Amino acid sequence: MDIIHTLALETMQKNKQALIFAPSRASAEKTAEEISKLTHMNYPEFEETVLKAASTPTKQCKRLSQCIKKGIAFHHAGLLQKQKDLIEDEFKSGKVKIICCTPTLAAGMSLPAFRVIIKSLKRYSGKWGMDWIPVLEYMQMAGRAGRPEYEAFGEAITVAKNDAERDEIYERYVCGEPEEIYSKLAVEPVLRTYVLSLISSGIVRNEKSMKEFFAKTFWAHQFKDMAKLEGIMDKMLSLLEEWKFVSIDGSEGDFVSANDMNKSRTTRATRIGRRVSELYLDPLTAKYIIDCISEFNENKNTYSLLHMVSNTLEMRPLLRVKVKEHDMIQDELVKNYELLLQEEPSAFDLEYGEFCNSIKTTLFFDAWINEKDEDYCMETYGVRPGEIRMKLETADWLLYATEELGKILERKDVVKAVRSLRIRVKNGVKEELLLLLKLKNIGRVRARRMYSNGIKDLGDVKKADVTTLGQILGKNIALDVKKQVGEDIKEVPKRTRKGQLSIQKY
DNA sequence: GGACGGTGAAACTTCAGGTTGCCTC
DNA sequence: GAAGTTTCACCGTCC
């Protein structure tokens with residue numbers, strides 16, 4: 001039997017719990033599944049919570065439910081929040097004995113266990129193939145062992161393949177020093193955003209004060225080479241000016257030396273620049289969206305807009321095109337070429353792969369707004385439920401930003417198109433259901449049910465008979481919906497009366 | 001004799017995470 | 001680079 005399995009079983013025999021860190025999601029899931037087949041615990045009540053988290057249980061949901069009912073779980077970013085909550089809570093309560101996870105659980109949430117088992121300290125990294133993970137990360141994982149309130153100590157176990165690897169692990173991790181912490185400010189998107197926001201909020205009024213401000217940051221402290229740093233900021237500033245988010249006026253004040261002339265020119269955010277900053281958008285993305293807006297016309301549609309958001313930095317990491325999907329994506333690219341709002345890079349361009357990924361991401365969004373469910377998206381595009389939620393949220397935010405920029409640019413057509421698309425993205429519905437979604441408590445499922453029963457707009461809701469509506473939506477919702485269209489029907493359903501009685505009682 | 005099913009090795013794929021953005025009825 | 005997954009040839013069994 002696998003050493004990991006042995007360790008897991010042994011932990012449970014001691015009536016203790018363990019976290020097992022795996023280097024990939026597939027590995028976490030497989031390990032959990034294997035261990036779950038070796039245990040005899042039974043918590044049938046977890047099954048329902050796990051399966052009901054998504055509108056339709058996906059393969060992943062089913063797999064998790066099979067594991068967790070035996071007290072073993074897997075945990076990674078592809079899970080829905082509800083599922084992650086359940087796993088974390090029940091691990092704390094002691095019912096879930098083993099969690100096989102990716103580094104999700106290493107940082108953030110505090111979930112101590114008696115034993116931490118690290119399957120491998122190597123992980124795939126694009127350039128170098130398999131590579132050692134940072135010492136800092138090892139410490140994060142190992143540090144999950146030993147809960148101060150229950151245990152006097154904890155165990156962190158890593159598995160080595162052979163003696164040589166054992167020695168290397170000991171040297172590198174057990175005796176190793178954690179890496180230096182580096183400022184994230186130096187990343188261009190962050191820098192662009194900060195420069196604009198400093199100018200927009202008036203904290204910084206000219207180049208000189210901007211440089212003074214940055215000189216005090218941790219970034220400058222680490223970077224040391226102020227000349228190079230100023231060069232980067234000059235570049236940022238002229239970019240912001242070129243994109244018309246910032247305007248640079250003539251010199252300000254009389255008592256400046258000739259040398260400082262340029263540096264004292266007042267920098268101000270333009271109207272659109274201010275909005276970009278308020279939206280907390282990366283100026284590069286804002287510029288990109290503005291360019292796309294100007295390309296938008298009556299021949300473009302929701303697909304165009306979905307692709308626009310799919311092709312941003314914020315949407316990354318994108319859904320990856322798999323080997324078998326390559327032809328399909330190519331066909332799609334040719335088919336909908338006319339709808340795109342920006343030029344397709346050349347097939348030899350480095351960016352081309354990402355561009356294909358953006359097309360795949362668009363296809364997923366398109367499926368979603370055409371009422372395909374989580375299970376379909378996972379089977380067709382390989383997006384897991386947890387990622388679906390994250391992507392939809394990002395798309396909504398970017399579309400909101402597009403709407404706002406559209407307003408400033410006085411593009412009513414764009415604003416109108418984006419507004420309805422946002423509702424469709426949020427709810428995952430076709431356009432025909434939009435009218436019904438105006439009702440409270442009506443989402444994609446109920447709206448679809450109404451529509452297929454011939455109730456297609458608010459007028460139909462008014463015309464509809466309460467009993468029929470009740471059959472479609474349930475009595476309480478039906479009454480509520482009727483009320484929303486201005487018909488306050490007095491008939492009180494039995495359940496409500498009971499509720500009221502019990503309220504009076506207590 | 002042919003359909004089906006189980007087995008295992010070779011061939012092929014793919015590979016963690018998630019800041020905090022906005023507005024609102 | 002390695003684990004996980006899919007594919008495919010092979011063999012035995014059953015009808």
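Here is the naming used below: chain letters follow the sequence lines, and residue numbers restart at 1 for every chain. Computed from a prediction, not measured in an experiment: that's the story for all the values here.
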Does A:R444 make a cation-pi contact with A:W368, if we ask for NZ or CZ under 6.0 Å from the ring centre and within 45° of the axis?
yes
Name all pairs fulfilling the salt bridge (charged side-chain N to carboxylate O under 4.0 Å, His left out) condition that reach into residues 354-368 of chain A, sequence neighbours left out, sorted by first residue then second.
A:R316-A:E354, A:E325-A:K360
Distance in angstrom units between A:I423 CD1 and B:dC22 P, rounded:
21 Å
Could you encode protein contacts along nucleotides 5-10 of chain B as a string, one character per nucleotide from 5' to 3', using B for base contact, S for sugar-phosphate-only contact and - for no contact, with a heavy-atom cut-off of under 4.0 Å?
------
Base, sugar-phosphate or nothing for A:K122? Non-hydrogen atoms, less than 4.0 Å.
nothing
Salt bridge (charged side-chain N to carboxylate O under 4.0 Å, His left out) partners of A:R274, counting only residues at least two apart:
none
Hits for salt bridge (charged side-chain N to carboxylate O under 4.0 Å, His left out) against A:K391, two or more places apart or cross-chain, chain-then-number order -> none
Judged by each residue's nearest nucleotide on DNA chain C, which is more toward the 5′ side, A:K59 or A:M130?
A:M130
B:dG21 and C:dG1: how far apart are their C1' atoms, nearest whole angstrom?
38 Å
Considering Watson-Crick and G-U wobble pairs with both distances under 3.5 Å, what does B:dT7 pair with?
C:dA9
Reading DNA chain C from 5' onward, which residue's closest nucleotide shows up sooner: A:K324 or A:K119?
A:K119
Please verify the inter-ring angle class for A:Y280 with A:Y194; under 30° counts as parallel, over 60° as perpendicular, anything in between as tilted.
perpendicular
Rounded distance in Å - CG (A:L318) to P (B:dT14):
16 Å
Grab the CZ-P distance between A:R192 and B:dG21 for me, whole Å please.
18 Å
A:L398 CG to B:dC22 P, in whole Å, measures 13 Å
A:K391 near the nucleic acid: base, sugar-phosphate alone, or nothing, with a heavy-atom cut-off under 4.0 Å?
nothing
Give me, pair by pair, the N or O atoms of the protein and of nucleotides 16-20 of chain B that are less than 3.5 Å apart, along with how far apart they are.
{"residue": "B:dA16", "atom": "OP1", "partner": "A:R25", "partner atom": "N", "Å": "3.1"}
{"residue": "B:dA16", "atom": "O5'", "partner": "A:R25", "partner atom": "N", "Å": "3.4"}
{"residue": "B:dA16", "atom": "N1", "partner": "A:R123", "partner atom": "NH1", "Å": "3.4"}
{"residue": "B:dG17", "atom": "OP1", "partner": "A:A77", "partner atom": "N", "Å": "3.0"}
{"residue": "B:dG17", "atom": "OP1", "partner": "A:T102", "partner atom": "OG1", "Å": "2.8"}
{"residue": "B:dG17", "atom": "OP2", "partner": "A:R25", "partner atom": "NE", "Å": "2.8"}
{"residue": "B:dG17", "atom": "OP2", "partner": "A:R25", "partner atom": "NH2", "Å": "2.6"}

So, A:K70 side chain and A:T39 main chain: donor-acceptor pair closer than 3.5 Å or not?
yes
Got a sec, which pairs hit salt bridge (charged side-chain N to carboxylate O under 4.0 Å, His left out) with one end in residues 75-88 of chain A, sequence neighbours left out?
none
Would you please say whether a donor-acceptor pair under 3.5 Å links the side chains of A:T56 and A:D373?
yes
Sequence neighbours left out, what passes side chain to side chain donor-acceptor pair (under 3.5 Å) with A:Y352? Give chain and number order.
A:Q330
A:H75 ring center within less than 6.0 Å of A:F21 ring center:
no
Each nucleotide N or O in nucleotides 23-25 of chain B that has a protein N or O under 3.5 Å away: list the pair and distance.
{"residue": "B:dC23", "atom": "O4'", "partner": "A:Y400", "partner atom": "OH", "Å": "3.4"}

Rounded to whole Å, the CG-P distance (A:L319 to B:dC15) equals 11 Å
Interface limits on DNA chain C, where chain A has a heavy atom under 4.0 Å of a nucleotide atom:
C:dG1 to C:dT7
Evaluation steps, salt bridge (Lys or Arg N to Asp or Glu O under 4.0 Å), between A:E188 and A:K235:
CA-CA 11 Å; A:E188 288 211 7; A:K235 197 181 119 201; 3.2 Å; yes
Got a list of side-chain donor-acceptor pairs under 3.5 Å for residues 289-296 of chain A, not counting sequence neighbours?
{"residue": "A:D291", "atom": "OD1", "partner": "A:K287", "partner atom": "NZ", "Å": "3.1"}
{"residue": "A:S294", "atom": "OG", "partner": "A:D291", "partner atom": "O", "Å": "2.7"}

Please enumerate all residues that pass salt bridge (charged side-chain N to carboxylate O under 4.0 Å, His left out) together with A:K482, with sequence neighbours excluded.
A:E487
Under the salt bridge (charged side-chain N to carboxylate O under 4.0 Å, His left out) test, residues paired with A:E10 that sit two or more places apart
A:K14, A:R115
Would you classify A:K440 as touching base, sugar-phosphate or nothing, given that sugar-phosphate means primed atoms plus P, OP1 and OP2, and contacts are heavy atoms under 4.0 Å?
nothing
